[in-house]
Amino acid sequence: MTPRDLPGGAVLRAARPGDETGILACIRALAVYEREPDAVENTAEMLTETLFGTEPRAFCHVVEREGDIVGIAIWFLTYSTWTGRHGIWLEDLFVDESQRGSGYGKALIASLAEVCVERGYSRLEWTVLDWNAPSIAFYRSIGAEPMSEWTTQRLTGDALHALAG
C-alpha cells in the first residue's frame with residue numbers, strides 16, 4: 001500500500017517491523033474499551049512472527065502521528081465458496097480515543113475497501129459488539145449492513161481441545 005497523508009500530520013501506511021509495540025498498545029486499548037482488559041495474550045514477538053514472519057497470515061495498516069501508532073486495522077484473508085473469491089476479515093479496527101473524529105477510522109477501513117477492489121475480493125467483513133453504539137453508527141454511516149441472520153460461533157479452550165480429541 002502506498003502511504004497516504006491524513007489530517008493533523010498523520011500518515012496511513014502498511015505496518016512495518018518496529019511497529020509491534022505501538023500495534024500491541026492499540027490492541028490492549030481496544031481490549032479495555034471492549035471491557036476485556038485482561039484478555040490480551042499477544043506479545044510484540046508474536047506480532048513480529050504473525051505480521052512479518054516468513055509466511056504472514058495477518059496484515060496491518062496503521063495510522064502514525066508524531067512517531068506514535070494511533071490507529072490500526074488488523075486483517076486477514078477469507079474465502080467465499082459462493083463467490084469463488086477471497087475477501088477481507090477485519091479483526092481489529094482501533095483509533096486512540098484522543099484521535100477520534102479526525103477521519104482516521106474511516107481512512108483505515110477505506111484502505112481495506114481499496115485492497116478488496118484492487119484485488120477483486122468480494123467482501124469486507126467484521127463483527128461489532130451489540131452495545132457499541134458509536135461504532136455501529138459509524139459503520140452505518142459508511143454503508144455497512146448488519147448480517148442479522150448470522151451469529152458468530154466460537155470454539156476455545158477446553159471445548160476446542162475436547163473436540164480435537
Do [X] and [Y] have side-chain heavy atoms sitting under 4.5 Å apart?
X      : Y      : value
Asn42  : Ile27  : yes
Phe138 : Arg100 : no
Arg140 : Pro146 : yes
Val11  : Leu6   : no
Ile23  : Cys60  : yes
Ser80  : Arg123 : yes
Tyr139 : Ser135 : yes
Ile72  : His61  : no

Work out which heavy atom in [X] is nearest to a heavy atom in [Y]; give both atom names and the distance.
X      : Y      : answer
Ala14  : Asp19  : O-OD2, 4.5 Å
Ala58  : Leu51  : O-CD2, 3.4 Å
His86  : Thr78  : ND1-O, 2.8 Å
Leu93  : Gly105 : CD1-O, 4.2 Å
Ser122 : Arg85  : CB-NH2, 3.5 Å
Ala10  : Val63  : CB-CG1, 3.8 Å

Taking a hydrophobic cluster as the set of Ile, Leu, Val, Met, Phe, Trp and Tyr residues connected by side-chain heavy atoms closer than 4.5 Å, whether directly or through intermediates, do [X] and [Y] fall within one such cluster?
X      : Y      : answer
Leu77  : Leu108 : yes
Leu129 : Tyr33  : yes
Val40  : Ile74  : yes

| request: Would you please test Val62 and Leu12 for side chain to side chain contact (heavy atoms under 4.5 Å, CB included) and show each step? | output: CA-CA 6 Å; Val62 301; Leu12 170 64; over 6 Å; no
| message | I'd like to know if Arg16 pairs up with Glu64 as an ion pair, taking the criterion as any Lys NZ or Arg NE/NH1/NH2 lying under 4.0 Å from an Asp or Glu carboxylate oxygen. | response | yes
| query | Any salt bridge between Asp5 and Arg13, counting N to O under 4.0 Å? | reply | no
| field | Aromatic Trp131 / basic Arg35 pairing, under 6.0 angstrom, 45° off normal | value | yes
| query | Any cation-pi pair here, Arg57 with Phe52, using under 6.0 Å and within 45°? | reply | no
| field | Working for salt bridge (Lys or Arg N to Asp or Glu O under 4.0 Å), residues Arg119 and Glu114 | value | CA-CA 8 Å; Arg119 297 181 186 179; Glu114 289 173 25; over 6 Å; no
| message | side chain to side chain contact (heavy atoms under 4.5 Å, CB included) for Thr127 and Trp89? Distances and angles first, verdict last. | response | CA-CA 9 Å; Thr127 59; Trp89 183 267; 3.6 Å; yes
| Worked verdict on Lys106 versus Ile142 for side chain to side chain contact (heavy atoms under 4.5 Å, CB included) | CA-CA 8 Å; Lys106 186 173 183 179; Ile142 62 170; 4.3 Å; yes
| Should Leu124 and Ile109 be marked as a side chain to side chain contact (heavy atoms under 4.5 Å, CB included) after you check the CA-CA gap, both sets of side-chain angles, and the distance that decides it? | CA-CA 9 Å; Leu124 170 57; Ile109 206 163; 4.1 Å; yes
| Pair Tyr104-Asp96, side-chain hydrogen bond (donor to acceptor under 3.5 Å, both in side chains): steps then yes or no | CA-CA 10 Å; Tyr104 300 162; Asp96 185 88; over 6 Å; no
| said: To the nearest 0.5 Å, what is the distance between CE on Met1 and CD on Glu118? | reply: 9.0 Å
| query | So which of Trp75, Phe59, Tyr121 actually passes side-chain contact (heavy atoms from CB on, under 4.5 Å) with Leu112? | reply | Trp75
